[in-house]
Amino acid sequence: MKKSVFVGALAASTFLAGTAFAATLEDVKARGELICGVNVGLTGFGMADANGTWVGFDVDLCRAVAAAVLGDPTKVKFVPTTGETRFTALASGEVDLLVRNSTATFSRDVDLKFDFVAINYYDGQGFMVKKELGVSSAKELDGATVCIQTGTTTELNLADFFKANNMSYTPVTVQDDSEAQRQYLAGACDAYTTDASGLASGRATMADAENHIILPEIISKEPLGPAVRHGDNVWGDIVRWTFNALLIAEEKGITKANIEEVASSSTDPEVRRLLGLEGELGPMFGLDTGFAKAAIAAGGNYSEIFEANIGSATPIGLARGLNALWTQGGLQYAWPMR
C-alpha cells in the first residue's frame, strides 16, 4: 500500500530523529530485540494469526534482520501501524525498522528523511469491483463511489487517474485495509482501490472471492520496501544487505533446507563469502561473519519467503512478475557480495 501524504510537521521531527537515532544497531543489540513496524493486518504480508503469531512476507523480512543482527529470528517485537501512524512511529524511534508495504517516494526520502534501503515488492495501484457491477475496465467507473484509505498517496493517484480520463467519483474514506474491505463488501462503495497486491490479499479472505474481479488497469508505480531513518547509514546497510543476501541465496540455489550442505561443500567464492566462510564482510558493519547465513536460515531465500506467503500456491495467488529475479525477466537484482 502506498502511503501517507502528510509531510510538513513530521519532516522537522524526522530531521532530529536522523541524528538522535544514529546508533540503531547498538540499541537493538543492547535491547536484545528488534522492534519492527508492520501492517495492522494484511493477509500474506503482515498479520497476527489465530495464535497471535505474526506471519507474512514483510514479517519474514523483519525476522531475517533479527537473525542477522541477533542470531535469532524470534527476537522481534512487531508493532502494528496504520497508513497514518507508521511514519511517525519510525521517525520517533518507536520502531527500529518499518516493513509495511510502504511506497518509496521523493517526499518520503527527501522531506520525511527516510531511507528505503531495498524494494522487496514492485507493485502498482489497481481497482477491485464486484462482478455484478458489469465493469471490465477502470475507465468505466465514471460516477462511481470508491473506497480509499486516508493518509495515503492512493488518494492522489486516484484523483489523477479520474481527472486524466475526464471522469468523476465520490471517495469513501477508510482508515485501513480491514475497514476498506468491510465497506466495500457492505456496498458502501462500487470499487475498492489500493495496491494490486493488497487487492489480491483482500480478495483471498472473501467467502465469495470468485464474485470479485481486479480490473486490468495499473495506474501507478508502487515500489514497496523496508524503510529506516536518515543519518544511520550502518543500520541501513545492514537491512539492505540482509535483503540482498536473500536474493543472492535464490540466485545460487541456497535454501533453508540445504544451507548447511552448501556451506560444507561449496567452492563458489561468492557463496562462501555469503555464508561467512571466506572474507570478513559481517564485521565491516558490526555483525558476525555468519550474519547472512543466519538470515537465510531464518525463513529461506527470497523465493521461499515469496511463495510461502503470497505465491501462486497460496490463496493470494500472486505470480512473481516484476518480482522475479533479473535472470528470469524480473527486477530483483542483488548487488554483488564482495
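The figures here come from the full heavy-atom set of this structure, side chains too, leaving out hydrogens, waters and symmetry mates.
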Which atom of V174 lies closest to which atom of A180, heavy atoms considered: CG2-CB, 3.5 Å
Presence of salt bridge, D115 and R229, under 4.0 angstrom: no
Any ion pair linking D123 and K221 (charged N to carboxylate O, less than 4.0 Å)? no
Where do H212 and Y192 land on the side-chain hydrogen bond (donor to acceptor under 3.5 Å, both in side chains) test, with the steps shown first? CA-CA 11 Å; H212 304 268; Y192 169 33; over 6 Å; no
Go through it in stages, so that I can follow the logic: the residues are E304 and T255, the test is side-chain contact (heavy atoms from CB on, under 4.5 Å), and I'd like the CA-CA distance, side-chain angles, deciding distance and then a yes or no. CA-CA 8 Å; E304 290 180 283; T255 68; 3.5 Å; yes
Before giving the answer on side-chain contact (heavy atoms from CB on, under 4.5 Å), spell out for Y184 and K130 the whole-Å C-alpha distance, their side-chain angles and the decisive distance to 0.1 Å. CA-CA 9 Å; Y184 165 74; K130 297 171 183 175; 3.4 Å; yes
is_close_aromatic(F161, Y169), centroid dist under 6.0 Å: no
Run the side-chain hydrogen bond (donor to acceptor under 3.5 Å, both in side chains) check on E260 and S264 step by step: do they pass? CA-CA 6 Å; E260 293 299 339; S264 65; over 6 Å; no
Please examine the side chains of N309 and I305, heavy atoms only from C-beta on, and report whether any two atoms are closer than 4.5 Å. yes
What are the two closest heavy atoms between S102 and F116, and how far apart are they? O-CE2, 3.7 Å
side-chain contact (heavy atoms from CB on, under 4.5 Å), that's the test. Do Q175 and E84 meet it? Break it down for me. CA-CA 8 Å; Q175 293 298 314; E84 293 186 318; 3.3 Å; yes
R240 bridged to D237 by N-O distance under 4.0 Å: yes
Is atom NZ of K29 surrounded by more than 12 heavy atoms (other residues, nucleotides or ligands) closer than 6.0 Å? yes
Heavy-atom count around D142 CG within 6.0 Å, excluding the residue itself: above 12? yes
Carboxylate-amine/guanidinium contact E250 K256, below 4.0 Å: no
Work out which heavy atom in L246 is nearest to a heavy atom in N301; give both atom names and the distance. O-CB, 3.5 Å
